[in-house]
Every structure is written in C-alpha cells, then in structure tokens.
Amino acid sequence: MLYALNLNQENRILSVTFDKYAPVDQPRVEKLPEGNVCDYLFVDGEYIYDPLPVVEPEVVPTQLD
C-alpha cells in the first residue's frame, strides 16, 4: 500500500493520506515511521526523527489564588 506525505517547507510531515486521494506532486512511501508522524522530517527519501519541543502552558494565578 502506498501513502502520500503532506510536507511543509522544512520537510516536516504534516499529514498522511492514501495514494489515491493525494495530489500528484506529494512524495509516496510504502512504510510510515513508528509513533507520531508529525515528529518526523522526510528528507531525501528517509525519515528523520525531530520532534517539536513541548511547551508547558504558563500558570496564571486567578483571583481565587
């Protein structure tokens, strides 16, 4: 089965769809990486694990605090 990758300008995987639903210019692959595909870049036909940093939300005190 072929999958089509939707990439941003930095080659980060934004989403994956089936081959038949994708535009012609999207890269096709037979296997997907393990875990969250958005943690990967797709460069020269290879997956590169590069997760985005996790940003902790800032705790803002309320009037009850």
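- The two residues Glu10 and Asn8 make their nearest non-hydrogen contact at N-OD1, 3.0 Å.
- The closest side-chain heavy-atom distance from Ile13 to Leu7 is below 4.5 Å.
- Counting all heavy atoms, side chain and backbone alike, Ala4 lies closest to Gln26 at CB-OE1, 3.9 Å.
- Cluster membership for Tyr21 and Leu2, using ILVMFWY side-chain heavy atoms within less than 4.5 angstrom, is not shared.
- Leu5 has its side chain out of reach of Thr17: every pair of non-hydrogen atoms, C-beta onward, lies at least 4.5 Å apart.
- Put simply, Val16 and Phe18 are part of the same group of oily side chains (I, L, V, M, F, W, Y) that touch within less than 4.5 Å, one to the next.
- Contacts of Asp50 classified as side chain to side chain donor-acceptor pair (under 3.5 Å), with partners at least two apart in sequence or in another chain: Arg12.
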Taking only distance into account, with no hydrogens and no angle test, what donor-acceptor pairs under 3.5 Å do side-chain atoms of residues 36-49 form with protein atoms, sequence neighbours excluded?
from: Asn36; atom 1: OD1; to: Cys38; atom 2: N; distance (Å): 3.0
from: Tyr40; atom 1: OH; to: Glu34; atom 2: O; distance (Å): 3.2
from: Tyr47; atom 1: OH; to: Lys31; atom 2: O; distance (Å): 2.5

